[in-house]
Amino acid sequence: MQLGCSQYNGFMLGILLLSITCLAIDRPRISALLFAVLLNLKHLYLSAAPFFFVHLLAGYVFKNHASARDREMGGIEAGRYIRMTALHGAVARLVALGSVVVCVFGISLLPFFALGQFWQLIRRLFPFGRGLVHAYWAPNSWALYTAADRALAFMSRGNGRLSHFIASFVRTEATASLRATSGLVGEAPMAVLPQVRPGHTALLVVLLQSPVLVGTWINPSRRAAAAAVAYCSLAAFLLGWHAHEKAVLPPLVIVAAAAPVDFVGAQLHARLLLLLSAAGHYAQLPLLHRPAEYVLARILLLLYHVCARIVLSQRIGQLAEVADQGPDCGDMELDGREIFGPKTDRVKTPGQMRRAVGLPTLLRSYEEAFLIGFFPLELFVSVVHPFLLGERLSFLPLLCTSVYCAVGVHYCTYLMLLLWKQQRQLSETHAFPPRATSSPTPAIVGPGTPLHGNDKVKIS
């Protein structure tokens with residue numbers, strides 16, 4: 001399903017990962033070229049454009065390239081010379097970067113301008129008439145919002161005081177028009193809650209992305225680039241207009257590929273990957289609706305989760321052992337309130353933590369409870385509803401799936417923001433080298449990436 005869909009195939013995901021990697025190893029113009037090509041292949045990745053714009057502007061265009069000899073010079077004239085040199089360098093870098101992007105967009109869009117079809121292209125790329133939610137609701141904020149609206153509309157049919165109060169807000173035109181639970185594509189007005197427009201969703205997406213955008217503008221971090229792109233993609237998925245359920249897969253691929261090489265980040269990354277993969281993958285199961293696919297799809301989902309737990313547990317154990325062997329590991333201080341639990345669970349080193357709890361504990365108790373909740377959900381969707389309700393309330397299984405998975409995706413977005421902050425703080429302590437010459441540190445790392453435990457890290 002992932003490779004067969006033209007919007008979410010591996011070819012474009014590969015270009016996205018290459019662009020992030022070039023950003024992390026200080027190849028900004030190649031990164032801008034790849035991302036511009038990606039945007040012209042599919043506008044789905046427009047959600048990451050604000051981060052790339054801010055990062056390239058702050059981390060490449062406006063960075064100061066004055067030499068050490070110039071900085072050692074004293075006096076007013078020297079300061080003026082350094083400022084002019086920095087200004088000229090920024091203009092030159094802006095022109096070089098802009099030329100790459102403009103050339104790519106010019107080659108792609110010039111034929112549409114020449115044929116007078118540009119605005120027709122825009123209308124087809126952004127079909128706002130399809131409605132706020134898809135026929136099958138994506139597990140995002142608008143699934144919760146629409147479900148709350150349908151619940152309030154249902155409560156308004158009662159005879160109590162609360163029902164009469166809610167009924168005073170019900171719009172009669174909404175009840176007579178296309179409903180969001182009809183399973184059809186189209187504009188479905190809300191019955192009780194305020195109506196949401198495309199402009200509202202765009203503004204909310206930018207607001208949700210603003211912590212990463214502002215933090216990147218203040219201090220662009222190449223180490224945290226992958227986490228920033230994944231977070232911006234999740235923000236657009238949660239609050240974007242007419243998001244498809246498959247749009248959660250690109251940020252999931254980034255999370256799976258961009259594994260941190262430090263112990264604290266690896267713990268947080270393991271929680272994020274297990275929860276987001278469970279919610280994101282289960283949300284795709286209604287698309288595989290034929291009887292021959294039912295058992296196979298669920299077995300594959302369970303096998304993936306079991307294998308991911310084993311691999312992540314082994315990787316965190318290796319990181320703990322490597323950290324124990326580092327000469328500076330005795331100075332490491334981990335505050336467990338944000339990552340591991342309450343203050344009383346704090347230990348001095350990752351290895352001591354591992355020995356204290358045995359094998360690495362990947363998830364907290366309430367996160368395990370969320371994963372266990374998929375079993376009664378599957379029981380209701382596949383057994384209870386067909387036998388008890390039959391053809392009645394046919395959209396209810398899809399509604400329950402979307403709402404439950406949406407809770408998990410929201411929580412994973414919060415974890416993604418924590419991971420970005422942790423990687424950004426780590427980059428402030430141990431920054432990447434200016435540009436690697438022999439063996440650059442990869443942005444996309446995996447279980448086979450060499451790990452080094454002699455870094456001193458203090459997370460507060």
Side-chain angles (χ1 to χ4, degrees), residues 1-3 5 7-10 13-14 16-17 20 47 136 138-140 143 226-227 229-238 243-260 265-288 293 296-316 339 360-375 377-378 381 401-420 423 444-447:
M1 180 181 65
Q2 167 76 356
L3 296 177
C5 182
Q7 301 184 73
Y8 310 97
N9 59 57
L13 287 172
L16 176 63
L17 295 179
I20 297 172
S47 59
Y136 161 47
N140 59 8
V229 174
Y231 174 79
C232 290
S233 300
L234 282 174
F237 173 76
L238 287 181
H244 287 206
E245 64 284 342
K246 295 184 291 295
V248 74
L249 297 178
L252 179 56
V253 170
I254 299 174
V255 172
Q267 284 272 14
L268 186 55
H269 171 266
R271 295 166 56 196
L272 173 62
L273 180 58
L274 290 175
L275 294 171
L276 185 59
S277 62
H281 289 155
Y282 190 87
Q284 316 303 317
L285 293 184
L287 303 178
L288 305 172
E293 301 165 340
L296 178 62
R298 282 146 182 84
I299 289 177
L300 287 176
L301 181 58
L302 286 174
L303 284 177
Y304 173 84
H305 186 79
V306 171
C307 292
R309 275 182 176 261
I310 295 174
V311 171
L312 291 171
S313 297
Q314 291 178 349
R315 185 171 183 273
I316 291 175
I339 306 297
T361 303
L362 297 180
L363 299 177
R364 297 178 179 176
S365 57
Y366 54 87
E367 295 168 347
E368 294 282 7
F370 172 76
L371 294 180
I372 295 173
F374 282 105
F375 290 97
L377 174 63
E378 178 64 26
V381 168
T401 301
S402 296
V403 169
Y404 192 79
C405 293
V407 174
V409 175
H410 279 80
Y411 179 71
C412 290
T413 305
Y414 166 71
L415 292 182
M416 191 75 251
L417 182 60
L418 288 184
L419 181 61
W420 171 79
Q423 291 294 293
I444 308 303
V445 297

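The residues of the chain are indexed from 1 along the displayed sequence. Given the structure is predicted, the values throughout are model-derived calculations rather than measurements.
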K.L.:
What closest approach, in Å, do P250 and K246 show between heavy atoms, and which atom pair accounts for it?
P.N.:
CD-O, 3.6 Å
K.L.:
Any idea which heavy atoms bring V409 and A279 closest together, and the distance?
P.N.:
CG2-CB, 4.1 Å
K.L.:
Taking R271's backbone N and O only, do any of them form a donor-acceptor pair with E367's side chain (distance below 3.5 Å, no angle check)?
P.N.:
no
K.L.:
Can you name the side chain to side chain contact (heavy atoms under 4.5 Å, CB included) partners of F375, sequence neighbours left out?
P.N.:
L302
K.L.:
Report the residues that fulfil side chain to side chain contact (heavy atoms under 4.5 Å, CB included) with L303, sequence neighbours left out, ordered by chain and then residue number.
P.N.:
I299
K.L.:
Look only at the side chain of H269 and the backbone of G265, and say whether a donor-acceptor pair between them is shorter than 3.5 Å.
P.N.:
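Side chain of H269 to backbone of G265, a donor-acceptor pair under 3.5 Å: no, none is there.
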K.L.:
Where is the tightest heavy-atom contact between A266 and I316, given as atom of each residue plus distance?
P.N.:
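Minimum heavy-atom contact is O-CD1, 3.9 Å.
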K.L.:
Nearest 0.5 Å, please: how far is CG in L363 from CG in L272?
P.N.:
11.0 Å
K.L.:
Determine, step by step, whether L285 and E293 satisfy the side chain to side chain contact (heavy atoms under 4.5 Å, CB included) criterion, reporting the C-alpha distance in whole Å, the side-chain angles of both residues, the deciding distance to 0.1 Å, and the verdict.
P.N.:
CA-CA 9 Å; L285 293 184; E293 301 165 340; over 6 Å; no
K.L.:
Go through the structure and list residues passing side chain to side chain contact (heavy atoms under 4.5 Å, CB included) with I310, not counting sequence neighbours.
P.N.:
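I310: side chain to side chain contact (heavy atoms under 4.5 Å, CB included) contacts with V306, Q314.
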K.L.:
Report the C-alpha separation of H410 and V407 in whole Å, then their side-chain angles, then the decisive distance to 0.1 Å, and conclude whether the side chain to side chain contact (heavy atoms under 4.5 Å, CB included) test is met.
P.N.:
CA-CA 5 Å; H410 279 80; V407 174; 6.0 Å; no
K.L.:
Among residues at least two apart in sequence or on other chains, which ones pass ring pair (Phe, Tyr, Trp, His ring centres under 6.0 Å) with H281?
P.N.:
Y304
K.L.:
Looking only at heavy atoms, which two atoms of L234 and C412 are closest? And how far apart?
P.N.:
CD1-O, 4.5 Å
K.L.:
Using the ring of each side chain (for Trp, its six-membered ring), is F370 parallel, tilted or perpendicular to F374, with breaks at 30° and 60°?
P.N.:
perpendicular
K.L.:
To the nearest 0.5 Å, tell me how far N140 CG sits from H244 NE2.
P.N.:
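NE2 of H244 is found 11.5 Å from CG of N140.
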K.L.:
I want to check something: taking the side chain as every heavy atom from C-beta on, are Y414 and Y231 in contact at a cut-off of under 4.5 Å?
P.N.:
no
K.L.:
Which residues pass the side chain to side chain donor-acceptor pair (under 3.5 Å) test with E368, not counting sequence neighbours?
P.N.:
R309
K.L.:
In chain order, what residues pass the side chain to side chain donor-acceptor pair (under 3.5 Å) check against Y282, with sequence neighbours excluded?
P.N.:
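Scan of Y282 (side chain to side chain donor-acceptor pair (under 3.5 Å), adjacent residues dropped) gives E378.
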K.L.:
Nearest 0.5 Å, what's the OG-CG distance between S233 and L249?
P.N.:
11.5 Å
K.L.:
Tell me, do T413 and L238 make a side-chain contact under 4.5 Å, heavy atoms counted?
P.N.:
yes
K.L.:
Could you tell me if the side chain of C232 sits less than 4.5 Å from the side chain of S47, heavy atoms only?
P.N.:
no
K.L.:
For residues A143 and V403, report the shortest heavy-atom separation together with the two atoms involved.
P.N.:
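The answer is O-CG2, 4.2 Å.
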K.L.:
State, with a plain yes or no, whether a side-chain heavy atom of F237 is found less than 4.5 Å away from one of P139.
P.N.:
yes
K.L.:
How long is the span from the CG atom in L273 to the CG atom in L415, to the nearest 0.5 Å?
P.N.:
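Separation between the atoms: 11.5 Å.
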K.L.:
To the closest 0.5 Å, what do you measure between CG (L362) and CG (L268)?
P.N.:
12.0 Å
K.L.:
A230 and I254: which non-hydrogen atoms are nearest, and at how many Å?
P.N.:
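The pair with the smallest heavy-atom distance is CB-CG2, 4.0 Å.
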K.L.:
Just how far is it from atom CG of L312 to atom CD of Q267, taken to the nearest 0.5 Å?
P.N.:
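Those atoms lie 10.0 Å apart.
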K.L.:
Would you mind reporting whether L276 and V248 have side-chain heavy atoms less than 4.5 Å apart?
P.N.:
yes
